[in-house]
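Everything below concerns the one structure shown next.
Numbered from 1 within each chain, the chains take letters A, B, ... in sequence-line order. Atoms considered below: every heavy atom in the structure, side chains included; atoms not considered: hydrogens, waters and symmetry mates.
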Amino acid sequence: MLPVHFYTRPDVVQVAKDLLGKYLVTSFDGQLTAGKIVETEAYRAPDDRACHAFGNRRTARTEVMFQEGGRAYVYLCYGIHHLFNVVTGPEDMAHAVLVRAVQPIDNVDIMLERRSLSRLERKLTAGPGALSQALGISTGHSGLSLLDPTSNIWIEDRGEVVIEENIVASPRVGVGFAGACAVWPWRFRIAGSSWTSPAR
DNA sequence: AAGAGGATGAACT
DNA sequence: GTTCATCCTCTTG
């Protein structure tokens, strides 16, 4: 389990890069599933228009983003998809990292069943809605601590190092509404990974 | 109280 | 490449 100071650093862009190669793990009803994080995006209030907490506006939904780093922020997108984010930064800095894709690692059969798929293919966990479904994460888990030993969701360092040269940066996906912020290169992928989401 | 729109994915052509 | 499912959240009145 990653220590609290990994999450509370003030530079959310750096945390988004550092999450590449870490392992996102869930354990619900004794069913443990895990995937290696291969794609992330950074979101940063108050100056980032694409961030739900743009302008440091607090709502019931975004309140968790203002808490100290190390919690899950999960919200519903397009009425269907549950998108998993990691809250970062100290308290009152509404920063978060969206996990956009993982490589399936542990108990792939359980993930396949949750996604109603019969064989291992990229769409099992490529895309933020897809990986949340594969790992069993939903909006009901928003606000959960990733540091509490009794938590059902946490992130592990399994000793893998992704060097800067192997990180591909590009503009974030689906944020065309965000004006000038839309071109900020805050989407990060592990170079050469075949498990990242399709570019748009 | 009502309406608009979204950090997507799947199934089409 | 295009369409559309589907519902919560936020804005406006």
Closest listed nucleotide, where the reference is the side chain of A:Ile80 and the choices are B:dT8, C:dT6, B:dG9: C:dT6
Over how many whole Å does the gap from A:Asn85 atom CG to B:dT8 atom P extend? 11 Å
Just the rounded figure in Å: distance from C1' of B:dG6 to CG of A:Leu98. 14 Å
Is the closest side-chain donor-acceptor distance between A:Thr59 and A:Thr62 under 3.5 Å? yes
Which nucleotide in the list B:dA7, B:dG9, C:dC10 gets nearest to the side chain of A:Thr59? C:dC10
Decide whether A:Arg114 and A:Gln133 meet the rule of one side-chain donor and one side-chain acceptor closer than 3.5 Å. no
Nearest to the side chain of A:Thr62, heavy atoms from C-beta on, is which of C:dC10, B:dA7, B:dG9? C:dC10
Figure out the CD/C1' separation between A:Gln133 and B:dA10, and round it to whole Å. 11 Å
Scan side-chain atoms only and decide if A:His82 and A:Tyr75 contain a donor-acceptor pair under the 3.5 Å cut-off. no
Euclidean distance, atom CD of residue A:Glu39 to atom C1' of B:dT8 [Å, nearest integer]: 13 Å
Indicate, with a heavy-atom threshold strictly under 4.0 Å, whether A:Arg61 touches base, sugar-phosphate, or nothing. sugar-phosphate
Looking only at side chains, do A:Thr26 and A:Thr33 share a donor and an acceptor under 3.5 Å apart? yes
Quick note, A:Leu76 side chain, CB onward, closest among C:dC10, B:dT8, C:dC7 is C:dC7
OP1 or OP2 of B:dA7 less than 4.0 angstrom from a side-chain nitrogen or oxygen of A:Arg49, does that happen here? no
Between atom NE2 in A:His81 and atom P in C:dT9, what is the gap in whole Å? 16 Å
Can you tell me whether the side chain of A:His52 and the base of B:dA7 have a donor-acceptor pair closer than 3.5 Å? yes
At under 4.0 Å between heavy atoms, what does A:Phe177 touch on the DNA or RNA strands: base, sugar-phosphate, or nothing? sugar-phosphate
So A:Ala130, base contact, sugar-phosphate only, or nothing? Heavy-atom distance under 4.0 Å. sugar-phosphate
Kindly say if A:Arg57 contacts the phosphate of C:dT11, meaning a side-chain N or O under 4.0 Å from OP1 or OP2. yes
Measure from CG on A:Leu83 to P on C:dC8 and round the result to the nearest Å. 15 Å
Does B:dG9 have A:Tyr78 stacked on its base, where the ring centres are within less than 5.5 Å and the planes differ by under 30°? no
With both distances under 3.5 Å as the test, what is the Watson-Crick or G-U wobble partner of B:dC12? C:dG1
Euclidean distance, atom CG of residue A:Leu124 to atom P of B:dG9 [Å, nearest integer]: 12 Å
Taking atom P of B:dT8 as reference, at what distance in whole Å does atom CD of A:Glu41 sit? 8 Å
Cation-pi between A:Arg172 and A:Tyr43: NZ/CZ under 6.0 Å from ring centre and within 45° of the ring axis? yes
